[in-house]
Amino acid sequence: MEGIAQKKDSELETGDGILVFAVNGVKFEVPSIDPATTLLEFLRCQTPFKSVKLGCGEGGCGACVVMVSKYDPILDQVEDFTVSSCLTLLCSMNGCSITTSEGLGNSKDGFHPIHQRFTGFHASQCGFCTPGMCMSLFSALKNSEKKSQRPEPPLGFSKLTTSEAEKAIAGNLCRCTGYRPISDACKSFASNVDLEDLGLNAFWKVREPKETKLSRLPSYNPSLCVNEYPEFLKGRFQQALKLDSNSYSWYNPTTLGELESLLNSQAVDNSSPIKLLVGNTGVSYYKELQHYDKFIDLRHIPELSMIRRNHKGIEIGAAVSIARAISWLKENDTAISSSNSGMVFQKIADHMEKISTGFVRNSASIGGNLVMAQGKNFPSDIATLLLAVDATVSIATGDKHEVVTLEDLLARKPIDCRSVLLSVQIPFPEPKRKNNIIVSDSKLYFETYRAASRPLGNALPYLNASFLAEVSPCINGGVVNDIKLAFGAYGTKHAIRARKVEEHLSGKLVTVNVLREAIKLIKEEVVPESSTSHAAYRTSLAVSFLFQFLSPFLDPGFPVKDGLLNGITYSLLESQSKSLSEVSTGQMESLTLLLPAKQVVNSSRDYYPVGEPIVKTAAAIQASGKAVYVDDIPSPPNCLYGAFIYSTKPLARIKGLDFKSGAQLSKVSAVITYKDIPEVGENVGSKTFFGFDPLFADEITRGAGELIAFVLAETQKSADIAASSAVVHYDTENMDPPILSVEEAVEKSSFFDVPPFLYHNVGDFSKGMDEADHQLISAEINLGSQYYFYMEPQTALAVPDEDNCMVVYSSTQCPEWTHNAIAKCLGVPEHNVRVVTRRVGGGFGGKATKATPVATACALAAHKLRRPVRTYLNRKTDMITSGGRHPMKITYSVGFKSNGKVTALHLNILIDAGMYADLSPMLPMTISGPLKKYNWGALSLDIKVCKTNNSNKSAMRCPGEMQGSFIAEAIIENIASELLMEVDVVRNINLHTYESLSVFYKGAAGEAPDYTLPDIWHKLEQSACLPRRMEAIEQFNRGSIWRKRGISRVPIVYGVSLRPTPGKVSILCDGSIVVEVGGVEIGQGLWTKVKQVTAYALSSVGCDGTENLVERIRVIQSDTLSLVQGGITAGSTTSESSCEAVRLCCNTLVERLGQLKSELQEQTCPVNWESLILQAHSRAVNMAAHSYYVPVSDSMYLNYGAAVSEVEINILTGETNILRTDIIYDCGQSMNPAVDLGQIEGAFVQGIGFFMLEEYLVNADGLLISDSTWTYKIPTIDTIPKQFNVEILSSGHHKKRVLSSKACGEPPLLLAASVHCATRAAIKAARKQLRTWGKLDGTTDSSFRLDVPAVMPVVKSLCGLDCVEMYLETLLAAS
């Protein structure tokens, strides 16, 4: 840590102008540093604290969250708040104390209760996101203790409520767990938690008394809370404001005059780019490549940091954080509640809580948000909120100060860095006067609206709105005296006031005709720009929000003809009043995101400790941030950092490569291309079952996202900036046009070869069609892609070793394939390459073949330059180059009886594989497996793997199986619609008997008792109360106009096969055990199950001291030179195969030890584990055993499960809420029910992402454009089922499987189709309503297609973008 002074609790005097702060109580003095350095960069590169992870670099995932403590010397108080360390600049931390997860506890000093509870509630899988989760919760706990008005909590708990505990981590992303166990871990700290409501954990068992549970829960004592603000920082706080500008190029003006002088000084002349900042959060949205010479921190100017009430309203300084503004508006609500202002300010605060995440709101400023909206067209919520209340802003330019309306500011040209936004004035809303007299009976109404993919925020809205109206109630409804309507974020330069609509409504009684005309005008005013996605949907939202706002003022006695609305007596006014009442009385605040849920598991002691729900290995060190991932390995001396340059064109010659800026080029150490591959090597980037794919494009790039070059620099940031500044020169002259669709691939016969044995037809299709009563011919299904979104991006470190060898640390699911590819690329013997993988921060298939080129590029650069080389892909590059799930086009013809029984099905499936084969040729096999879950009578398949110029696709969790299972459901849904039958009946009649199952799956069907799906199907019907809930939903839909519910039950049949896997078990002299396996720990609990099986197998030696062998076992990292033939960690069965491999090793060891044990017993020596092992070592008994498990040829078996999901859709917005999901899944005899439960829940939630949320959007060249956390939305805690019940079925002994266990990592993903199908059912109810209004042709309604993902615009479109207009027309027709 050159240039950094690190001192523990030092009291030494520090000179003025030095950057000083504390991290976990350790004092850091930084004499000089680049002011653009982020807190995350410093922590990861210059301290030992690596728990802060770089997940996105955008403040959008929470992996980098830390807690900052800041001292206020005037109040003598410490403020504690979370921030995204990836956005926070280090210089802004002067005088602050930073706490990371390591600072809470560790394995040496003891773990914090947060770490212990995350571990015990099984809330950490891959663990990459866990430290950030812990810090979000810790900060919430810390701040709850400051709420003196709250009563003291029970011993062991905090002042947090369960709702607050859940929302504490609402901005943190997790791709593994499914969030339910994380929620339980957080709620376990809440003062109002009922421990009975918490799910499966390692502390207590179901039905144990409350006292027992309390005694076993790791105790939390807030008085012993860590992170006291260090005294050495308090003593010099006043000095800490000022940094030496010569050393840091960082300025901290403390007065407006000082700021004015600074802006006008020579130090920031026009040729010197400067940056005004508060929280630096804007860089998360606008990725800045510009280098700034000067940074001016505005936070220390009192006028910019104050909030005050004056006679006109509330004035908020521009540097005030969004979080502080929210807190002030809420806390001061009672002081101003005597007027209408309290209601307005409360709702503004409530809306602002949905902006971004808590740890971003803590840093982001009100003024910064507005400046981005004004100058960079940022889709701001704050601008829209303030437009409706006639807010004004104060601006200083030099010595000129002016106050303008926010509306005028937004219409101006962007203000430059010499102009400063000083404050925002939110006026007290005043009733409109007539002849200078206030209308006495008028009331003010204020509402805000927001439609976004995540209810709690952390997602940009499709449209936001803010309405303020003065209405005089009358017997016929309400007269609008004055109204202000603001709309924003809908695809325009800035938020607007809908002036024409305001003029139309002012002075009018709200009638249906008046409202209809207002809607016509709003559709003319709220018009997105042509390039905006879902433009018509956004305009329809404006209509919906206006309707929601004004409908309560319609004549409550409006005449409606009998029967027109099918008996609906729904009152909009009553419903809206009830909702507002709940908010105002605080009822909504007390509601938790997730309801109590059931986890039913059965532990078996047949193979103890196998079958026990023990905690996941290393979960505690993952939570504390001490688990080491590839990028946590310290950089070796002289290390270079790499970043990829990729193609943005689908098919073109590469004519050359240069950089936009010469300054960036000066920081580039080298640029590696295919030309740098050794002559004895090959252009190989990855290996699969089907051969090798190239590392770099050669003279021609064959697809957008293909790797072109690898830029090397002294830091990762410099490499990333250089790569982003690269300009690739393309030439397409005399080249064929690219193939960018599967249809074009068919036209040009562009296919990859598919081995003919990979899939088979069943029965006689023609005969089956002849037997059918009905036929659907050439129906279509289209499925898009999905990005892996592992929390840890691709990363590798290559270190040259002696004798032309190379050691590569890679975050890969397949070290062996990576090893093979590197050796082939470098042209060296494989024994010259060593690939090491300890753990992977999430994989889902994306760390299989797609991790290999990352490691190979590092190895190639290190080989050429003889220097260590590492890389850590930024999220955009990772998303663009990794490919993702395979898009498909499916055309099918199906015949069926009048009772719904299918007689024949033929499918033409076109798979878009992209430019190279990768693993795509295996998809015909994987698609056909789950597709056969129904008895189709006869099944005919024609599957083509298309070679296109799109980005290269690869295996993603359930590759092919996901699509195949959904295709089956889509067909069943279509048949039910055609026959006007209940879809559950059609599913039921087409489920397999054991006999038909054997025809479709042959030997994989096993024996008749193995087929548990019929039992699961019927058991789920009862446990999920399906018949009763279907009736309740029907009743709900009859009584609700604007919300509809749907429910669906879906089965799965999923075949898996075991693969050859090596293992090695070594018993050391003290009796501790070291295990190596071919499988890689990627969060699936492989190491945990391996430890359990090792303990079980070794305990069969039959001596004392083997009861707790699990605690004496360590599974170590994968090393391709230590254990060869490791294979690939994929397909859900690597844990089983690895367990069987170590069991074989243990059997060998037990056989050796058994002979020795008999000898010792004959000598009447006492025999326990320690003495037996000691004797074995002293007698030279080989205490290491190696095995290579090769499964029998018929190792394939079938997995069964079913799910019921219930959803509610909002017809006005298209929002879908998952109310409840019930799953029953057959795990055989689970090796670890806790681990398997986590896999089931996590897989299901990832499936929700595919079916409901994750839009994979590309441009005309096939280049991904949803390439960030801003544009690609995976599930969050507020988008999962509100009630999530899971039962793991224990189906007994299966002699052909490893200890009777079954796979669970992938199959449950398919069950998420139940959410999509339930959404379809709800939409069907909405469309039925449209038919009753006479606004939908009933003859064409049965075959509507619900796209995947069923995002809000898709749902709303099918419910009618003009449903409000239809409704009003219906009312008029009835009057």
Side-chain angles (χ1 to χ4, degrees), residues 684 686-694 739 742 745-746 748-763 765 813-814 816-817 820-821 824 845 848-850 852 883 885-891 905-932 938-948 950 952-965 967 999-1005 1053-1060 1125 1127-1128 1130-1134 1137 1190-1198 1306:
V684 165
S686 63
K687 176 192 175 181
T688 71
F689 298 116
F690 305 101
F692 294 91
D693 290 337
I739 299 172
V742 291
V746 171
K748 298 184 179 180
S749 298
S750 179
F751 306 118
F752 290 106
D753 292 334
V754 175
F757 59 82
L758 285 183
Y759 67 95
H760 305 278
N761 295 332
V762 179
F765 171 73
Q813 294 174 237
C814 190
E816 181 189 2
W817 286 1
N820 301 150
K824 198 169 188 67
T849 64
K850 292 301 182 180
T852 302
R885 197 179 292 281
H886 291 79
M888 298 181 188
K889 179 181 180 181
I890 303 97
T891 307
L905 171 65
H906 173 76
L907 296 114
N908 289 304
I909 301 177
L910 301 176
I911 303 167
D912 188 343
M915 55 195 132
Y916 300 113
D918 199 273
L919 292 167
S920 302
M922 76 175 185
L923 259 69
M925 176 183 69
T926 58
I927 291 171
S928 63
L931 178 65
K932 295 187 289 187
L939 175 63
S940 171
L941 299 167
D942 182 4
I943 307 178
K944 292 182 171 60
V945 180
C946 300
K947 183 177 182 179
T948 69
N950 289 316
N952 209 43
K953 303 306 179 201
S954 188
M956 181 176 176
R957 201 175 193 175
C958 307
E961 291 97 346
M962 168 75 96
Q963 296 95 327
S965 186
I967 290 167
V999 171
F1000 276 75
Y1001 289 98
K1002 301 183 179 178
V1053 178
Y1054 193 111
V1056 298
S1057 297
L1058 301 175
R1059 288 190 305 277
Q1125 296 177 285
I1128 180 173
S1132 298
T1133 58
T1134 310
S1137 299
V1190 180
V1192 295
S1193 58
D1194 61 344
S1195 67
M1196 185 175 183
Y1197 65 86
L1198 300 180
E1306 291 178 293

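In this structure the side chain of Gln963 never reaches within 4.5 angstrom of the side chain of Ile890, judged on heavy atoms. Counting only heavy atoms from C-beta outward, the side chains of Leu910 and Val746 approach each other to under 4.5 Å. Residues Ile911 and Ile927 form a side-chain contact, since some pair of their non-hydrogen atoms from C-beta on lies under 4.5 Å apart. Between Asn952 and Lys850, the closest side-chain pair of non-hydrogen atoms falls below 4.5 Å. Residues Asp693 and Met915 form no side-chain contact, since every pair of their non-hydrogen atoms from C-beta on lies 4.5 Å or further apart. Considering only heavy atoms from C-beta on, Val1053 comes within 4.5 Å of Tyr1001 through its side chain.
Taken to the nearest 0.5 Å, the NZ atom of Lys824 stands 9.0 Å off from the NZ atom of Lys687. The line from CD1 of Ile909 to NE2 of His886 is 13.0 Å long, rounded to the nearest 0.5 Å. A distance of 9.5 Å separates CZ of Phe765 from CG of Leu939, quoted to the nearest 0.5 Å. Here the straight-line distance linking atom CG of Leu919 with atom OG of Ser686 works out to 8.5 Å at 0.5 Å rounding. The distance from the OH atom of Tyr1054 to the CE atom of Met962 is 9.5 Å, given to the nearest 0.5 Å. Atom CG of residue Asn820 and atom CZ of residue Phe692 lie 6.0 Å apart, to the nearest 0.5 angstrom.
Scanning all heavy atoms of the two residues, the minimum distance from Ala745 to Cys946 falls at CB-CB, 3.7 Å. When all heavy atoms of Ser920 and Ala913 are compared, the closest pair comes out as OG-CB, 3.3 Å. The two residues Arg885 and Cys958 come nearest to each other via the heavy atoms NH1-O, 3.3 Å. When all heavy atoms of Val754 and Pro924 are compared, the closest pair comes out as CG1-CG, 3.6 Å. Among all heavy-atom pairs drawn from Lys953 and Asp918, the shortest one is O-CB, 3.6 Å. Across all non-hydrogen atoms, the minimal contact from Thr852 to Ala821 is CG2-CB, 3.5 Å.
Test Leu931, Asp942, Ile943 against Leu907 for side-chain contact (heavy atoms from CB on, under 4.5 Å) and you get one pass: Leu931.
Listed for the Asn761 side chain is a donor-acceptor partner under 3.5 Å among the backbone atoms of Leu941. When atom types are taken as modelled, the side chain of Ser928 and the backbone of Met925 share a donor-acceptor pair closer than 3.5 angstrom. Checked by atom type and distance alone, the side chain of Thr1133 pairs as donor or acceptor with a backbone atom of Ser1057 at under 3.5 Å. Here the side chain of Thr1134 pairs a donor or acceptor atom with the backbone of Ala1130 at under 3.5 angstrom. Remark: side-chain polar atoms of Glu1306 are not paired, donor with acceptor, to backbone N or O of Arg957 under 3.5 angstrom. With hydrogens and angles disregarded, a donor-acceptor distance shorter than 3.5 Å links the side chain of Gln813 to the backbone of Gly845. Judged by distance alone, the side chain of Thr926 and the main-chain N or O of Leu923 form a donor-acceptor pair under 3.5 Å. Judged by distance alone, the side chain of Ser750 and the main-chain N or O of Lys947 form a donor-acceptor pair under 3.5 Å.
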Side chain to side chain contact (heavy atoms under 4.5 Å, CB included) assessment of Met922 paired with Thr688:
CA-CA 11 Å; Met922 76 175 185; Thr688 71; over 6 Å; no

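Remark: the Asp912 side chain and the Thr948 side chain contain an N/O donor-acceptor pair separated by less than 3.5 Å.
The number of heavy-atom neighbours closer than 6.0 Å to NZ of Lys748, taken from other residues, nucleotides and ligands shown, is above 12. Counting non-hydrogen atoms of neighbouring residues, nucleotides and ligands closer than 6.0 angstrom, the NZ atom of Lys932 exceeds 12 such neighbours.
Ring planes of Phe689 and Trp817: perpendicular class, angle over 60° (limits at 30 and 60°).
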